[in-house]
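Chain naming here is simple, since letters A, B, ... match the order of the sequence lines and numbering starts at 1 in each.
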Number of protein chains: 2
Amino acid sequence: MAFGNYIRKLREEKQLLLREVASQMSIDTALLSKIERGTRIARKEQVEDLAEALNESENELLKLWMADKIVKMIKDESNSTEILKKAEEEIKNLTNKKQQL
Amino acid sequence: MAFGNYIRKLREEKQLLLREVASQMSIDTALLSKIERGTRIARKEQVEDLAEALNESENELLKLWMADKIVKMIKDESNSTEILKKAEEEIKNLTNKKQQL
DNA sequence: TTACATTAGACAGATATTGACAAGTCAAAA
DNA sequence: TTTTGACTTGTCAATATCTGTCTAATGTAA
C-alpha cells in the first residue's frame, strides 16, 4: 500500500481528524490531506512528526515513505523491475566496499 | 558500476575527448566532467544525448541512470535493502492493477 | 440550512538545480 | 623550463521546482 493510503488508514483507525494530526505536525490541514492522497510528497521531517502524532514506528514510516518515492520515480518505466534490480546490485557493491574499509 | 564511471569507461574505450562528447551534447566540458565523476546528475535529455554521442543503447543508459539516482537516494540508509524490497512489492502491485484494467 | 471535514487551485516565498565561466591541476610535449 | 592540451573545481546568476498557506469548493450528516 502506498504511503499516503497507509497513513490515512492509520489515522482513521485511531479516529483522528486531519486537523488534529496536522496541528500536531504544525502544518495546514490541506497539506496533510494532499500527503495522504499522494498528490504531495511529505518531507522527511514531516514523516517523523507523523510517526509521533500517530504513535507509529518512525523507522517503519520512513521506510515506506522512501519506497514510495522510489515507486513514484520509476512506476511509469517499462523496465522498472530491472532498474530496481540494478540499484540493488549497486547497493550490494557499495556495502561490500564499505566493509573493506 | 555507477553511471558516471560507466560512461567514462565507454568514452575512453572509444577514445573520445570530453570536449568532443560534450560538444555533441551541446553542454560545457566541465559539466560532462562532473557527470562522469558523479558530482552532478545528468538530466534525462542529457542521457539521451549521451547515448547518441557514444552510440550506445538509450534504454540501457537510462536504466543505469535511474538506478544510480535510486542508489544516491538510499545508499546511506541502514535498511536500504528493505526499502528496495518494499518498492519492488509496490511496483508489482501496481503492475497487477494495471493489467486488470 | 448549518456545521464540520475534507479537497482543489492558486499564489508568493523558499529552496534546489542548471549551465557557464574562469581559474586551477596535472602530465606530456616542445 | 615553458607550453600545450585534457580535465577538474569553485562560484554564480538564472531558472525551475517545491513548500505551505489561503480561499473557495465539495461532500455529508444533523
Side-chain angles (χ1 to χ4, degrees), chain A residues 1-54 61-62 64-77, chain B residues 1-54 61-62 64-77:
Chain A
M1 185 188 289
F3 178 75
N5 289 334
Y6 183 65
I7 61 173
R8 166 150 296 187
K9 189 173 123 268
L10 289 177
R11 180 175 62 79
E12 288 176 343
E13 278 171 8
K14 293 163 201 285
Q15 314 219 34
L16 298 168
L17 298 176
L18 272 180
R19 103 178 119 70
E20 295 173 316
V21 175
S23 159
Q24 272 204 69
M25 297 170 65
S26 311
I27 61 173
D28 195 294
T29 311
L31 179 50
L32 180 54
S33 166
K34 285 165 191 163
I35 290 170
E36 287 187 348
R37 300 176 54 75
T39 62
R40 276 290 179 95
I41 297 176
R43 294 156 38 120
K44 186 169 190 176
E45 238 178 50
Q46 291 166 340
V47 178
E48 290 160 2
D49 290 347
L50 254 178
E52 169 93 32
L54 296 175
L61 281 194
L62 283 172
L64 297 179
W65 168 73
M66 286 215 173
D68 207 55
K69 292 215 290 184
I70 292 175
V71 169
K72 279 190 167 67
M73 185 171 163
I74 63 172
K75 68 175 172 4
D76 292 325
E77 300 298 322
Chain B
M1 185 187 289
F3 178 76
N5 289 334
Y6 182 65
I7 61 172
R8 165 149 297 188
K9 190 175 123 267
L10 289 177
R11 178 175 63 79
E12 289 176 341
E13 278 171 7
K14 291 163 203 285
Q15 312 219 38
L16 298 169
L17 298 177
L18 272 181
R19 95 177 123 72
E20 295 174 316
V21 176
S23 160
Q24 273 204 68
M25 296 171 64
S26 313
I27 61 172
D28 195 299
T29 310
L31 180 50
L32 181 53
S33 166
K34 284 167 189 163
I35 290 170
E36 286 189 348
R37 301 175 56 73
T39 62
R40 274 290 180 96
I41 297 176
R43 293 154 35 115
K44 186 169 190 176
E45 222 180 64
Q46 292 165 340
V47 178
E48 291 160 2
D49 291 347
L50 254 178
E52 169 94 30
L54 295 176
L61 282 194
L62 283 172
L64 297 179
W65 168 73
M66 286 215 176
D68 207 55
K69 291 214 292 186
I70 292 174
V71 169
K72 279 190 166 68
M73 185 172 162
I74 63 173
K75 69 175 175 359
D76 292 325
E77 300 298 321

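- A/Arg8 and A/Glu36 make their closest contact through NE-OE1, 2.5 Å (heavy atoms, listed as atom of the first residue, atom of the second, distance).
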Stepwise side-chain contact (heavy atoms from CB on, under 4.5 Å) check, A/Leu18 with A/Arg11: CA-CA 8 Å; A/Leu18 272 180; A/Arg11 180 175 62 79; 3.6 Å; yes
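- When the P atom of C/dT6 is taken as reference, atom CZ of A/Arg8 falls 7 Å away, rounded to whole Å.
- B/Arg37 comes within 4.0 angstrom of the backbone, heavy atoms only, and of no base.
- Put simply, CG on A/Asp28 is 17 Å from P on C/dA10, counting in whole angstrom units.
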Derivation of the side-chain contact (heavy atoms from CB on, under 4.5 Å) call for A/Phe3 and A/Val47: CA-CA 10 Å; A/Phe3 178 75; A/Val47 178; 4.1 Å; yes
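- Among the heavy atoms of the strands lying under 4.0 Å from A/Leu31 is at least one base atom, whether or not backbone atoms are also near.
- Under 4.0 angstrom from either OP1 or OP2 of C/dT6 there lies at least one side-chain N or O belonging to A/Arg11.
- Counting to the nearest Å, the C1' atom of C/dT17 and the CD atom of B/Glu45 are 14 Å from each other.
- At least one donor-acceptor pair under 3.5 Å links the side chain of A/Gln46 to the backbone N or O of A/Arg43.
- No side-chain heavy atom of A/Val21 sits less than 4.5 Å from a side-chain heavy atom of A/Lys14.
- When side chains are defined from C-beta on, B/Glu48 counts as touching B/Lys44, because their heavy atoms get closer than 4.5 Å.
- Within the nucleic acid shown, B/Gln46 comes within 4.0 Å of sugar-phosphate atoms alone, with no base atom in reach, counting heavy atoms only.
- Position along DNA chain D of the nearest nucleotide to A/Ile27 versus B/Ala30 favours B/Ala30 as the more 5'-ward residue.
- Here the side chains of A/Ile7 and A/Ile35 are in contact, with some heavy-atom distance below 4.5 Å.
- When each of C/dG19, C/dT6, C/dA10 is scored by its nearest atom to the side-chain atoms of A/Leu17, the top-ranked nucleotide is C/dT6.
- Going from atom NZ of A/Lys34 over to atom P of C/dA10 covers 11 Å, rounded to whole Å.
- Once you apply a 4.0 Å limit to the heavy atoms of chain A, the touched nucleotides of DNA chain D run 5' to 3' over D/dT19 to D/dC22.
- Atom NZ in B/Lys44 sits roughly 14 Å away from atom P in C/dT18 (whole-Å rounding).
- Between the CZ atom of A/Arg40 and the P atom of C/dG9 there is a distance of 12 Å, rounded to whole Å.
- Rounded to whole Å, atom C1' of C/dA8 lies 15 Å from atom CD of A/Glu36.
- We find that CG of A/Leu18 is positioned 14 Å from C1' of C/dA8, with the value rounded to whole Å.
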